[in-house]
Participant: 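There's a structure below that I have some questions on.
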Amino acid sequence: ADAPANTGAKPPAKDLVLKGDAKCTTCHDEADEPKLLHIGKTKHGTVADGRTPSCSNCHGDSDLHTNNPAKLKERPPTDRSFKKGTTTPVEARNEACVSCHRKDAKRSHWEGSAHQRADVACTSCHQLHTAKDKVADKRTQPEVCFTCHKEQRAQVSKPSHHPVLEGKVACSDCHNAHGSVGPKLVKRDSVVETCYTCHMEKRGPFVHSHQPVTEDCGNCHNPHGTVAESLLKARTPFLCHQCHTPHGGQLAQLRGQLPNQPTATSSGKSGINYTQARGCLNCHTQVHGSNNPSATNPTPQFNLR
Amino acid sequence: EAHADDDEIAALTRPDSSVAVGVAGMSGSANDRSFFGQYNGLRKNDTNLLLDLDYIKRDDATGTWTTIQGRDLGLNTREVRFGQQKQGDWKYSFEYDEMVRYDPRTINTSLLGAGSTSPVVSRLATIGAGDELNLNLKRKNVTVAVEKWLSKSLQFEASFKNEDKNGARLFGTGFNCPSGAAPTPTCTTLATGVNQWALLMLPEPINSTTKQFDARLNYSNDKLMLSGGYYGSFYNNEYTSMSATIDGNLNNPLGNPMGGAGLSSGLRNILQLPTALPPDNQAHQVFLSGNYAFTSTTRANFKYAYSHASQTDNFASFGNAPNGRTNLGGAIDTSLYQFGLTSRPISKLSLLANVRYEDRNDKTPIAAYNIEGTKVFTNGNYSPKRLNGKIEATYQLPAGYRATVGADYESLDRSSFLPSNSVAGLSGLRQKSEESGYRMELRRSMSETLTGAIGYQSSNRTGSGWLKPNPGLGVTETSNAAIYSRTAIFPMSMVDRQRDKVKASADWAATEQLSVQFMLEWGEDQFSAPTTKGLRSSHMGFYGVDAVYVLSDAWKLTGYWSRGDQTTHVDHSTGYMAALRNLSDTYGLGLVGKPTSRLDVGADIMLTDDKNEYNQGLDASASTANKTLLATSGGLPDVTFRQFTVKMFGKYALQKNSAVRLDLIHQHTKMNEWTWGYNGTPFAYSDNTSVYLNPRQNVTYLGATYIVALP
């Protein structure tokens with residue numbers, strides 16, 4: 001075959017990572033910082049999958065950026081820019097992602113979700129040009145969520161907490177940040193159904209049930225962390241007194257606190273016994289419900305056993 | 001050649017694999033790290049193996065990934081995952097992970113068989129002289145998942161997760177004689193006129209399995225996305241009940257052995273009766289959900305789900321079930337409907353409407369489970385219907401403003417109350433609650449460097465007439481005036497509530513290097529019911545500031561502070577008026593840097609400072625004894641929790657494919673609380689069992705890891 005004539009022109013640039021990326025990687029090459037080529041390490045960089053994008057699918061053709069016809073000192077941004085301070089509207093940025101990911105069943109309720117309505121961009125949480133997207137790893141995901149959810153950041157450090165900072169439970173174990181049918185973007189259709197995925201023993205139904213338990217675990221628990229044990233929003237008896245007329249006429253009291261020390265005839269329903277240890281739950285142990293069917297005295301009503 | 005080194009390009013674009021192996025040592029004893037080691041698998045052993053693995057390979061020709069990942073392989077919180085996928089075609093994975101929670105508290109007891117269904121209680125002669133018992137709960141999960149694209153528009157997904165849960169948790173039993181729940185002669189006052197009661201610490205034995213199976217078929221085209229499938233969830237508990245044996249005598253309220261004949265046979269028998277453990281249960285759900293694009297600017301999403309849940313755990317281990325009942329026969333059918341619509345009719349206007357309706361139908365048969373003297377009553381039946389709706393409009397105003405207004409509605413109909421049921425410890429119930437509210441928000445991008453938002457929301461909850469418990473069974477609807485009692489308590493989830501909330505935030509890119517975030521939240525709930533007691537109001541404030549300062553290309557500094565301040569006012573018929581206040585400050589400081597091309601370093605400092613105040617006052621109805629108690633004791637002391645953590649790491653690249661990493665963590669925790677003891681006086685159970693937590697804990701962790709990239 002004839003050898004090509006040597007015209008002195010540059011050979012056409014070749015793609016480095018994505019299909020048709022040569023237009024971009026001529027500049028954004030291995031010397032570029034940040035390393036945009038790292039997208040090659042990701043699912044988006046898997047060229048054999050015909051669905052994966054080229055640079056321009058997300059960033060637009062960006063001729064102004066590429067050619068800089070006005071010879072500006074700082075090049076114009078890409079048509080669709082994801083940089084901090086970008087003027088590309090969030091909706092336009094997100095459309096770059098959603099146009100493909102709309103097919104994902106887990107994102108079926110993105111439109112109208114709290115994050116979509118609050119103008120959260122996909123790239124506010126996700127990093128694409130890196131092998132390790134922080135939000136996709138449960139050990140690093142919380143720091144991404146805590147960028148906005150600062151009250152939860154404070155709560156997960158309290159002594160009673162789910163192991164979020166320990167990297168064993170992720171925010172996404174309970175919440176679907178991409179939209180859900182339940183409140184607070186909970187992963188399943190309701191709060192109780194979400195909690196049951198790990199705490200199914202609370203589901204019942206029971207012979208003796210406790211109605212607020214069936215209604216919403218959040219009536220009594222704060223899942224993000226509390227000082228009171230068992231993620232309870234307040235200590236017993238004060239938590240229980242928000243619904244129940246208590247027995248006994250005493251104030252909450254501690255053993256060793258003067259002057260109403262227990263006497264040999266003190267009732268078991270004393271201020272000490274419903275304040276210390278497990279509080280009201282010292283006797284009403286079955287606060288989530290009891291399946292004890294015993295129909296002879298003493299029957300286990302009041303969730304006693 | 002513009003790109004001289006293909007190897008360099010490959011290194012930048014090829015998935016990375018590595019192994020990290022090392023060792024970690026910790027200071028102190030297991031009790032010194034009961035907070036630090038609650039979940040991370042680092043409580044028990046002073047020295048631990050650190051081993052992580054990432055094997056990630058991709059066949060570029062076919063787009064087939066093979067992944068083997070291991071995390072914390074040297075700890076009892078290990079995680080292993082193996083998966084393969086041909087991207088866009090098929091995928092499967094296996095996961096195994098362990099999670100353990102060590103209860104931060106240590107029990108001192110003479111209990112035998114702790115964690116079994118037949119523990120034996122015997123009085124410990126002296127508090128603190130028993131054996132140490134540390135409870136833990138371990139979960140082992142196996143997950144298998146598969147996925148297949150059947151065509152460009154049709155995808156099948158399925159997963160199965162099995163979780164074994166083993167261990168024990170703090171639990172117990174207690175009873176007071178005499179009792180309305182156990183009328184004479186079952187449980188009587190002693191001949192001497194002395195009440196008898198006992199509290200016992202009996203760990204709940206846990207040996208259960210949870211299985212979840214999810215299978216769905218997803219269809220999508222340009223306009224429609226549909227996902228339909230099945231979700232089954234199954235809970236199986238090896239244990240149905242727990243029965244303790246009480247050997248010998250127990251303590252009286254003074255902490256001495258009960259006098260006279262000691263523990264009465266009536267109370268002993270009651271304490272030895274079976275305690276129910278969570279029953280087996282299962283649920284099956286079929287669902288159809290998805291979205292549809294009417295136009296590029298008008299879309300709908302929807303879901304329908306039907307669930308059948310049941311609970312038929314056998315009653316055999318209890319005895320004494322009502323005639324004809326061998327199990328509860330629990331059956332609950334639930335239907336869920338949801339429809340949402342979003343539209344942008346003009347470029348500046350966005351609209352949203354959403355409605356959700358959940359209809360739970362409890363079909364559990366009614367039987368006379370409760371006998372109290374001559375009173376006979378039944379299990380409950382709970383079939384709530386919940387309706388939620390919202391509408392919202394957002395408009396882009398001139399000068400960079402964006403305004404949002406919205407309205408929300410919720411109704412909860414708890415269904416009719418069974419006339420054969422009993423109500424205990426409640427002054428009234430409500431069949432229906434309704435809440436409606438509105439909200440508004442204004443956002444503005446004030447400049448390229450400053451954006452801000454302020455929002456206000458208000459809602460009002462009210463409900464149907466109050467249902468007053470009858471002297472015997474059931475309830476009767478009663479007017480507010482007639483049900484009014486100065487000392488009545490109505491449930492917090494049913495009382496009228498006026499809720500107001502304000503939220504504001506600002507993001508400020510002060511300079512090229514410095515960006516700052518401010519946020520503020522304030523909220524108030526005012527509760528009302530025909531009483532002067534119960535839950536009265538709650539107030540919350542949360543505010544804080546975050547800052548990021550980029551010192552140079554190589555160094556970045558971050559910092560934050562936030563304060564939460566919440567007070568709940570709850571009053572009580574004994575005459576107390578409590579203002580329960582939680583004040584919590586959190587501080588954080590972080591530094592990351594790359595001082596040389598080979599060295600990465602970082603440090604984080606975090607301080608949590610939390611205080612719970614139990615402010616109590618008394619009204620005129622308080623008893624003399626309570627007035628004296630409060631005046632003398634000053635009420636309940638504050639509960640404080642302070643934790644300081646510093647974490648540092650340094651990672652040094654030895655070669656292109658290897659590095660060493662050092663991690664240093666120091667944590668100091670101080671907790672002052674009275675749950676299990678006050679001022680040196682432990683709370684003791686009736687067998688002298690006590691519970692202890694080291695209130696000042698210091699732990700230092702030092703880990704060294706060698707990391708090598710795999711070819």
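In what follows, every heavy atom counts, from backbone to side chain, and hydrogens, waters and symmetry copies are set aside. Just so it is clear, the model here is predicted, and its values are computed rather than measured. Chain A is the first sequence line, chain B the second, and so forth, proteins listed ahead of strands; every chain is numbered from 1.
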Participant: Measure the spacing between CG of A/Asn292 and CG of B/Leu273 and express it to the nearest 0.5 Å.
Facilitator: 8.0 Å

Participant: Name the option with the most non-hydrogen atom pairs under 4.5 Å to chain B; the candidates are A/Thr87, A/Ile39, A/Leu165, A/Asp189.
Facilitator: A/Asp189

Participant: Apply the test side-chain contact (heavy atoms from CB on, under 4.5 Å) to residues A/Glu201 and B/Asn237: give CA-CA distance (whole Å), side-chain angles for both, the deciding distance (0.1 Å), then the verdict.
Facilitator: CA-CA 8 Å; A/Glu201 71 278 7; B/Asn237 192 349; over 6 Å; no

Participant: Under the 3.5 angstrom rule, does the side chain of B/Asn176 hit a backbone N or O of A/Gly268 as a donor-acceptor pair?
Facilitator: yes

Participant: Looking at B/Tyr39 and A/Val164, would you say the former's side chain and the latter's main chain have a donor-acceptor pair under 3.5 Å?
Facilitator: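 Side chain of B/Tyr39 to backbone of A/Val164, a donor-acceptor pair under 3.5 Å: no, none is there.
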
Participant: Tell me, for A/Cys198 versus chain B, whether the close heavy atoms (under 4.5 Å) come from the side chain, the backbone, both or neither.
Facilitator: both

Participant: Considering only heavy atoms and a distance below 4.5 Å, find which of A/Lys43, A/His38, A/Lys269 pairs most often with chain B.
Facilitator: A/Lys43

Participant: Measuring from A/Glu30:CD to B/Leu12:CG, what's the distance to the nearest 0.5 Å?
Facilitator: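 Here the interatomic distance stands at 7.5 Å.
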
Participant: Determine whether A/Lys158 and B/Gln643 satisfy the following criterion, side-chain contact (heavy atoms from CB on, under 4.5 Å), listing intermediate values before the conclusion.
Facilitator: CA-CA 9 Å; A/Lys158 297 199 178 192; B/Gln643 189 169 69; over 6 Å; no

Participant: Pick from A/His288, A/Glu229, A/Glu33: which one has the most heavy-atom pairs with chain B under 4.5 Å?
Facilitator: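 Ranked by heavy-atom pairs under 4.5 Å with chain B, first place is A/Glu229.
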
Participant: Heavy-atom distances under 4.5 Å only: say whether B/Met519 touches chain A with side chain, backbone, both or neither.
Facilitator: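 The answer is the side chain of B/Met519.
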
Participant: Among B/Thr586, B/Leu580, B/Asn679, B/Asn252, which residue forms the greatest number of heavy-atom pairs with chain A at distances under 4.5 Å?
Facilitator: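 Sorted descending by pairs with chain A, the first entry is B/Leu580.
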
Participant: Which heavy atom in A/Ala118 sits nearest to a heavy atom in B/Arg443, and how many Å separate them?
Facilitator: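 Result for this residue pair: O-NH2, 3.8 Å.
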
Participant: Using a cut-off of under 4.5 Å for heavy-atom pairs, which of B/Pro279, B/Ala488, B/Gly534 has the most such pairs with chain A?
Facilitator: B/Pro279

Participant: Can you give me the closest heavy-atom contact between A/Ala48 and B/Asp60, atom names plus distance?
Facilitator: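 Closest heavy-atom pair between A/Ala48 and B/Asp60: CB-O, 3.4 Å.
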
Participant: If only side-chain N and O atoms count, and only distance matters, is there a donor-acceptor pair under 3.5 Å linking B/Gln311 with A/Asn291?
Facilitator: yes

Participant: Whether B/Glu157 and A/Lys106 form a salt bridge (side-chain N of Lys/Arg under 4.0 Å from carboxylate O of Asp/Glu) is what I want to check.
Facilitator: yes

Participant: Just verifying a value: how many Å separate A/Ser108 OG and B/Arg299 CZ, rounded to the nearest 0.5 Å?
Facilitator: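 Spacing of OG (A/Ser108) from CZ (B/Arg299) equals 12.5 Å.
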
Participant: Keeping B/Trp674 on the side-chain end and A/Arg255 on the backbone end, is there a donor-acceptor pair under 3.5 Å?
Facilitator: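 Not confirmed, B/Trp674 side chain does not pair with A/Arg255 backbone.
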
Participant: Give a yes or no answer on whether the side chain of A/Lys41 reaches the backbone of B/Arg14 with a donor-acceptor pair at less than 3.5 Å.
Facilitator: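 Side chain of A/Lys41 to backbone of B/Arg14: a pair is present.
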
Participant: Relative to chain B, which segment of A/Thr52 carries a heavy atom at a distance below 4.5 Å: side chain, backbone, both, or neither?
Facilitator: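 The side chain, not the backbone.
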
Participant: Which residue pairs pass the side chain to side chain donor-acceptor pair (under 3.5 Å) test when at least one of the two sits in residues 233-245 of chain A, sequence neighbours left out?
Facilitator: A/Arg235-B/Tyr614, A/Arg235-B/Glu673, A/Arg235-B/Thr675, A/His241-B/Tyr576

Participant: Which answer fits B/Phe175, side chain, backbone, both or neither, if we ask what part of it has an atom under 4.5 Å from a heavy atom of chain A?
Facilitator: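 Its backbone and side chain both get close to chain A.
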
Participant: What option among A/Ala277, A/Ser157, A/Ser294 has the most heavy-atom pairs under 4.5 Å with chain B?
Facilitator: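 Highest number of pairs under 4.5 Å: A/Ala277.
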
Participant: Nearest 0.5 angstrom please: B/Thr364 OG1 to A/Phe206 CZ, how far?
Facilitator: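 The CZ atom of A/Phe206 is 11.5 Å from OG1 of B/Thr364, to the nearest 0.5 Å.
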
Participant: How would you list, by chain and number, every residue that makes a salt bridge (Lys or Arg N to Asp or Glu O under 4.0 Å) with B/Arg325, sequence neighbours excluded?
Facilitator: none

Participant: Calculate, to the nearest 0.5 Å, the distance between atoms CZ and CG belonging to A/Arg102 and B/Asn291 respectively.
Facilitator: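 Taking CZ in A/Arg102 and CG in B/Asn291, the distance rounds to 7.0 Å.
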
Participant: Of all heavy-atom pairs between A/Gly182 and B/Arg356, which one has the smallest distance, and what is that distance?
Facilitator: CA-NE, 4.4 Å

Participant: Measure the shortest side-chain to side-chain distance between A/Lys103 and B/Asn218 over non-hydrogen atoms and say whether it is less than 4.5 angstrom.
Facilitator: no

Participant: Would the distance check show the side chain of B/Arg58 and the main-chain N or O of A/Thr42 forming a donor-acceptor pair, the cut-off being under 3.5 Å?
Facilitator: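 Between the backbone of A/Thr42 and the side chain of B/Arg58 there is a qualifying donor-acceptor contact (under 3.5 Å).
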
Participant: Can any side-chain N or O of A/Lys168 pair as donor or acceptor with the backbone N or O of B/Thr77 at less than 3.5 Å?
Facilitator: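 Answer holds: yes.
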
Participant: Out of B/Gly544, B/Pro278, B/Gly564, which one racks up the most heavy-atom pairs below 4.5 Å with chain A?
Facilitator: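 Counting heavy-atom pairs under 4.5 Å, the top option is B/Pro278.
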
Participant: Does any donor atom in the side chain of B/Thr394 or A/Arg117 lie under 3.5 Å from an acceptor atom in the other side chain?
Facilitator: no

Participant: Any sub-3.5 Å donor-acceptor pair from A/Gln257's side-chain atoms to B/Gly635's backbone N or O?
Facilitator: yes

Participant: What part of A/Lys84 gets within 4.5 angstrom of chain B, counting heavy atoms only: side chain, backbone, both, or neither?
Facilitator: side chain

Participant: For the backbone of B/Leu199 and the side chain of A/Asn282, can you confirm whether one donor and one acceptor N or O come within less than 3.5 Å of each other?
Facilitator: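 Checked: no pair found.
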
Participant: Heavy-atom distance under 4.5 Å to chain A: side chain of B/Pro384, backbone, both or neither?
Facilitator: neither

Participant: Output the option from A/His284, A/Glu151, A/Glu111 having the highest count of non-hydrogen pairs under 4.5 Å with chain B.
Facilitator: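 Winner by heavy-atom pair count: A/Glu151.
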
Participant: Looking at A/Gln286 and B/Ala276, would you say the former's side chain and the latter's main chain have a donor-acceptor pair under 3.5 Å?
Facilitator: yes

Participant: Which bit of A/Ser99 is near chain B, if near means a heavy-atom gap under 4.5 Å: side chain, backbone, both or neither?
Facilitator: neither

Participant: Are the side chains of A/Arg278 and B/Trp676 in contact, using a 4.5 Å heavy-atom criterion?
Facilitator: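 With C-beta onward as the side chain, the pair touches.
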
Participant: Hey, is the main chain of A/Thr197 close enough, under 3.5 Å, to the side chain of B/Gln212 for a donor-acceptor pair?
Facilitator: yes

Participant: Side chain from CB out, backbone as N, CA, C, O: work out which of these in A/Ser270 comes under 4.5 Å of a heavy atom of chain B, or both, or neither.
Facilitator: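 Neither; nothing under 4.5 Å.
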
Participant: Taking all heavy atoms of B/Asn379 and all of A/Val207, pick out the closest pair and write down the distance.
Facilitator: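 For B/Asn379 versus A/Val207, the nearest heavy atoms are CB-O, 3.3 Å.
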
Participant: Are the charged groups of B/Asp546 and A/Arg153 less than 4.0 angstrom apart, N to O?
Facilitator: yes

Participant: Decide yes or no for B/Ser233 and A/Arg203: does some side-chain heavy atom of the first lie under 4.5 Å from some side-chain heavy atom of the second?
Facilitator: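 Contact flag for B/Ser233/A/Arg203 side chains = yes.
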
Participant: Is B/Gln38 close to A/His161 at the side-chain level, that is, under 4.5 Å between some pair of heavy atoms?
Facilitator: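 A side-chain contact exists here, since the closest heavy-atom pair is under 4.5 Å.
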
Participant: Looking only at side-chain N and O atoms, does A/Glu215 offer a donor or acceptor that is under 3.5 Å from a partner on B/Tyr382?
Facilitator: yes

Participant: Mind checking the CG-CD spacing from B/Asn40 to A/Glu166? Nearest 0.5 Å is all I need.
Facilitator: 6.0 Å

Participant: Do the non-hydrogen side-chain atoms of B/Phe683 and A/Asn273 ever get within less than 4.5 Å of each other?
Facilitator: yes

Participant: For A/Pro163, is it the side chain, the backbone, both or neither that has a heavy atom under 4.5 Å from a heavy atom of chain B?
Facilitator: both

Participant: Measuring heavy-atom distances to chain B, does A/Val47 have an atom under 4.5 Å in its side chain, in its backbone, in both, or in neither?
Facilitator: neither

Participant: Tell me the closest heavy-atom pair linking B/Gly677 and A/Gln276, and the distance in Å.
Facilitator: N-NE2, 3.7 Å

Participant: Which heavy atom of B/Arg216 sits nearest to which heavy atom of A/Ala105, and what is that distance?
Facilitator: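 Taking B/Arg216 first and A/Ala105 second, the nearest heavy atoms are NH1-CB, 3.9 Å.
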
Participant: Most heavy-atom pairs under 4.5 angstrom with chain B, which of A/Thr285, A/Leu251, A/Leu37?
Facilitator: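 Top count of heavy-atom pairs under 4.5 Å with chain B: A/Leu251.
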
Participant: In terms of heavy-atom proximity below 4.5 Å to chain A, should B/Leu336 be classed as side chain, backbone, both, or neither?
Facilitator: side chain

Participant: Measuring only between side-chain heavy atoms, which start at C-beta, is A/Thr46 closer than 4.5 Å to B/Trp65?
Facilitator: yes

